[in-house]
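Okay, structure first, notes after.
By convention in this document, chain letters (A, B, ...) are assigned in the order of the sequence lines, proteins followed by strands, and residues within each chain are numbered from 1.
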Amino acid sequence: MKYRTHHCGKLRLSDTGQQVTLSGWVQKTRDLGGMTFIDLRDRYGITQLVFNMKTDPALCEQARELGREYVITAAGQVAERSNKNPNLPTGDIEIIVNSLQILNPAEIPPFTIEDQSDGGDELRMKYRYLDLRRPPLQRNLMLRHRMAQIIRRYLDDQGFLEIETPVLIKSTPEGARDFVVPSRLHAGRFYALPQSPQIFKQLLMVSGYDRYMQIVKCFRDEDLRADRQPEFTQIDCEMSFVTQEDILETFEGLAKELFNKVLHVEIHGEFQKITYEQAINIYGSDKPDLRFGMQIRELTAEVSNSEFQVFNQAEYVGGICAPGAAGFSRKQLAPLTDYVKTPQIGAKGLIYVKYNENQTFKSSVDKFFDGPALQIWADHFDAQPGDLLLIMSGEREQTLKALGTLRLEMASRLDLIKPDHYVPLWVVDFPLFEWNEEAQRFTAMHHPFTAPKPEDIPLLDQDPGKAHANAYDLVVNGVEIGGGSIRIHDAALQEKLFEALGFSPEEARERFGFLMDAFQYGAPPHGGIAFGFDRWVALFAGLGSIRDVIAFPKNNMARDVMMESPASLNDSQLNELGIRIRKK
RNA sequence: GGUCACGUAGUUCAAUCGGUUAGAAUGCCGGCCUGUCACGCCGGAGGUUGCGAGUUCGAGUCUCGUCGUGACCGCCA
């Protein structure tokens, strides 16, 4: 027998009269008594089957017994409908069925398999294989597939080779926590799963594969978020004999290709570039959303000589100008103040200045600042009558960060963010190091193989915190899509960096000796980039969470609630691995 | 490690200030129905209010603990 001659999205009016066979899932039965309609679904669409009590009562009775999600094969003749359904691509036709076979009955599913399911997140995750039957999820996975194809083709055209790297590797001291795999053949030793193929792609450069790419799983044992999974997919790339400019140009091309082919969005001209420092000062974030303005402006100098102690004692005073928001009532301002004072944001307070339409001012600091003083502030923000200034003060870094969060919050409250609007940009000149309070030492901001800017190499000894790197991120609409750097290709400089990061020479040798050895044998200058593929797909799908662009994701406790992983091992497995579980 | 929210019928939700028999929609089951496509109409079944303790004359509602789910902070080179 033949299961199908066509799929369920295929048949049109022009196929009328054909004898066809379709297979799929019963989406819905509509039993009218004398006749029964069945919507048959596969991943291509829905086709209506029709059964008539008058022409074939036995078959019609059989059709009435079908439940939701039964898997069936139906054969029959394509016929024009007397009542057409304009909402369905196949809505002009139906199949007058003359043979029906149940391939597999189905339990009643715990939620509806429709565009808008009635099921909650928890239930849909537990029955992920049912959720994946729904068209929105199928569209997401198809989008993901299509983007992967475009990426491979584009990079192939550019001469990149896709080369696989190992998944069982060695734990490295820097960066995220490693997922670890015990070795049976070497009891007491462990592999680690790669946080990224970083070292391997650099070794491939040493080996002369001057353009490498891979769409590859990476693993990080850290706490999860809506846009973070313990295993996730990177578009991992590396190039030799290139400058930062060469890399940005190449991958700007990739980004434009994806925008164009997938979203039909044409991005004209070069992507904006701003430095890390600018991003922090103007947007309070290293991944700014440039779909709207409302830039942060510093006011520290302007407010320094007042009676207002809060400002006088602050390292930093700054704010944003919310356009047209002077009409905010007390009822709207109070929750905003509460919002910035939540522990997550950690601001001490929020000062507002209403620049009224009649050019007067009303502020929460009227006691300390008169009209002319506030006018200076307003001018500083290029505020128009009708705007609302929101000011915060405190420690510089923390206040900028809080202002950045407030900026996003206000944009959403004022509805300033247009969907289907995309503003990509490069954030460049990241600091080489950041101070880690917990470890009381510098850690690499990007990773320990990132090259310092040549002019900053002397700073490694004098003031490492001030050194910048040839490191860059691609940011779109406030989402960090990818990042990379020019790498160190000199063994001596690499050694110096390990030293700056606080590794003893022995430690560096133990962990990365093979890399430094490799650099002794003719390492080309090289650099690269890695993109968060899941995030990129989610961005294009218009989703805030990457879960729905991953077929089988984990929940926010890193559990797979469908298969119930992670799970215990039995004693014989543990014995074989030489592992004993410590109680509590 | 921390903060917050939620957990009631298969499902999505409701239940006033702590008050009497925990409701609705949808799904499900049965019946009727020949042009439906959110089919319609009639009827029916369906509940350990996540779990445990406490306060109270009385707890879905308040308190504590616990488990689960989600969001965020820390963390994520």
Side-chain angles (χ1 to χ4, degrees), chain A residues 27-40 46-55 57 60 64 67-68 79-88 90-91 94 96 107-127 172-178 194-196 198-199 218-230 232 338-339 341-346 398 401-402 405 430-434 436-439 442-450 469 471 480 483-485 497 501 530 532 544-545 547 555-559 561 564:
Chain A
Q27 172 79 24
K28 189 143 224 178
T29 64
R30 289 180 294 278
D31 179 1
L32 272 61
M35 58 195 319
T36 289
F37 298 97
I38 289 180
D39 289 340
L40 189 67
I46 283 178
T47 297
Q48 176 167 281
L49 311 177
V50 62
F51 300 84
N52 197 309
M53 212 43 134
K54 207 164 246 175
T55 49
C60 195
R64 294 168 80 161
R68 280 160 58 201
E80 181 173 2
R81 291 200 201 182
S82 57
N83 277 351
K84 298 188 171 58
N85 184 349
N87 301 318
L88 227 53
T90 62
E94 63 195 351
I96 300 171
E107 293 289 312
I108 296 155
F111 51 86
T112 58
I113 314 294
E114 290 167 358
D115 274 41
Q116 287 291 332
S117 175
D118 63 359
D121 292 345
E122 206 172 332
L123 203 61
R124 291 190 353 250
M125 286 293 266
K126 183 167 177 194
Y127 298 92
T172 52
E174 279 285 287
R177 294 181 183 90
D178 287 312
Q195 301 173 24
S196 85
Q198 182 61 36
I199 292 172
C218 302
F219 306 86
R220 293 178 190 175
D221 187 7
E222 294 293 344
D223 287 2
L224 275 50
R225 291 285 189 281
D227 63 348
R228 275 172 16 198
Q229 285 273 306
F232 61 100
D338 293 342
Y339 171 71
K341 282 161 103 171
T342 55
Q344 272 78 2
I345 300 178
Q398 196 192 334
K401 198 177 162 202
T405 309
F430 275 78
L432 186 61
F433 300 116
E434 61 190 337
N436 185 314
E437 271 303 326
E438 203 177 327
F442 284 107
T443 57
M445 187 140 184
H446 184 49
H447 56 54
F449 317 108
T450 301
E480 183 197 324
S485 62
L497 242 100
L501 289 168
S545 165
R547 273 176 219 164
N555 74 5
N556 69 346
M557 286 300 288
R559 271 199 276 256
V561 297
E564 295 181 316

Would you say the side-chain atoms of [X] pair up with the backbone N or O of [Y], donor to acceptor, closer than 3.5 Å?
X	Y	answer
A/T405	A/K401	yes
A/S196	A/Q198	yes
A/E222	A/R177	yes
A/T112	A/E114	no

Which whole-number value in Å describes the distance from [X] [atom1] to [N] [atom2]?
X	N	atom1	atom2	answer
A/Q195	B/rC76	CD	C1'	9 Å
A/K401	B/rC72	NZ	C1'	11 Å
A/D227	B/rC75	CG	P	16 Å
A/M445	B/rC75	CE	P	12 Å
A/E222	B/rC76	CD	P	6 Å

How do A/L123 and A/R177 order along RNA chain B: which one's closest nucleotide is nearer the 5' end?
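Closer to the 5' end of RNA chain B: A/L123.
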Given the [atom1] atoms of [N] and [M], what is the spacing between them in whole Å?
N	M	atom1	answer
B/rA9	B/rG52	P	16 Å
B/rU12	B/rU49	C1'	16 Å
B/rG47	B/rC57	C1'	25 Å
B/rU63	B/rC6	P	11 Å
B/rC41	B/rG7	P	32 Å
B/rC75	B/rC28	C1'	47 Å
B/rU3	B/rG50	C1'	22 Å
B/rU8	B/rG43	P	29 Å

Looking at [N], which nucleotide sits across from it as a Watson-Crick or G-U wobble partner, both distances under 3.5 angstrom, or is there none?
N	answer
B/rA24	B/rU12
B/rA5	B/rU69
B/rU56	none
B/rG30	B/rC42

Describe the nucleic acid contact of A/P110 in one word from base, sugar-phosphate, nothing, applying a heavy-atom distance below 4.0 Å.
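The answer is sugar-phosphate, as A/P110 gets under 4.0 Å only of primed atoms, P, OP1 or OP2.
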Heavy atoms under 4.0 Å, any strand shown: does A/T172 hit a base, just sugar-phosphate, or nothing?
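Result for A/T172 = nothing.
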Heavy-atom donor-acceptor pair, A/R228 side-chain to B/rC75 base, under 3.5 Å
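Yes.
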Looking only at heavy atoms, what is the nearest atom pair of [X] and [Y], with distance?
X	Y	value
A/G346	A/Q398	O-NE2, 3.3 Å
A/Q27	A/I113	NE2-O, 2.9 Å
A/D178	A/Q195	OD1-NE2, 2.6 Å
A/A402	A/I345	CB-CG2, 3.7 Å
A/I46	A/T90	O-OG1, 2.5 Å
A/D227	A/G544	CB-O, 4.5 Å

Return the orientation label for the A/Y127 and A/F111 ring planes: parallel under 30°, perpendicular over 60°, tilted otherwise.
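A/Y127 and A/F111: perpendicular rings.
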Inter-residue atom distance A/D223.CG - A/M557.CE, 0.5 Å rounding:
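It comes to 7.5 Å.
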Does this structure show an ion pair linking A/K28 with A/D39, if we count only N-O contacts that are shorter than 4.0 Å?
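No.
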Within the 4.0 Å limit for protein heavy atoms, which parts of nucleotides 26-38 of chain B are touched? Write it as a string from 5' to 3', B for base, S for sugar-phosphate only, - for none.
-SS----BBBBBS
Nucleotides 3-9 of chain B: which of its N/O atoms have a protein N/O under 3.5 Å away?
unit_1, atom_1, unit_2, atom_2, d
B/rU3, O2, A/Q344, NE2, 3.0

Which atom pairs link the protein and nucleotides 66-70 of chain B when you take only N or O atoms and keep those under 3.5 Å?
unit_1, atom_1, unit_2, atom_2, d
B/rG68, OP1, A/R559, NH2, 3.2
B/rG68, O2', A/E122, OE2, 3.0
B/rU69, OP1, A/N555, ND2, 2.6
B/rU69, OP2, A/R559, NH2, 2.9
B/rG70, OP1, A/R547, NH1, 3.3
B/rG70, OP2, A/N556, N, 3.3
B/rG70, OP2, A/N556, OD1, 2.4
B/rG70, N7, A/N556, ND2, 3.3

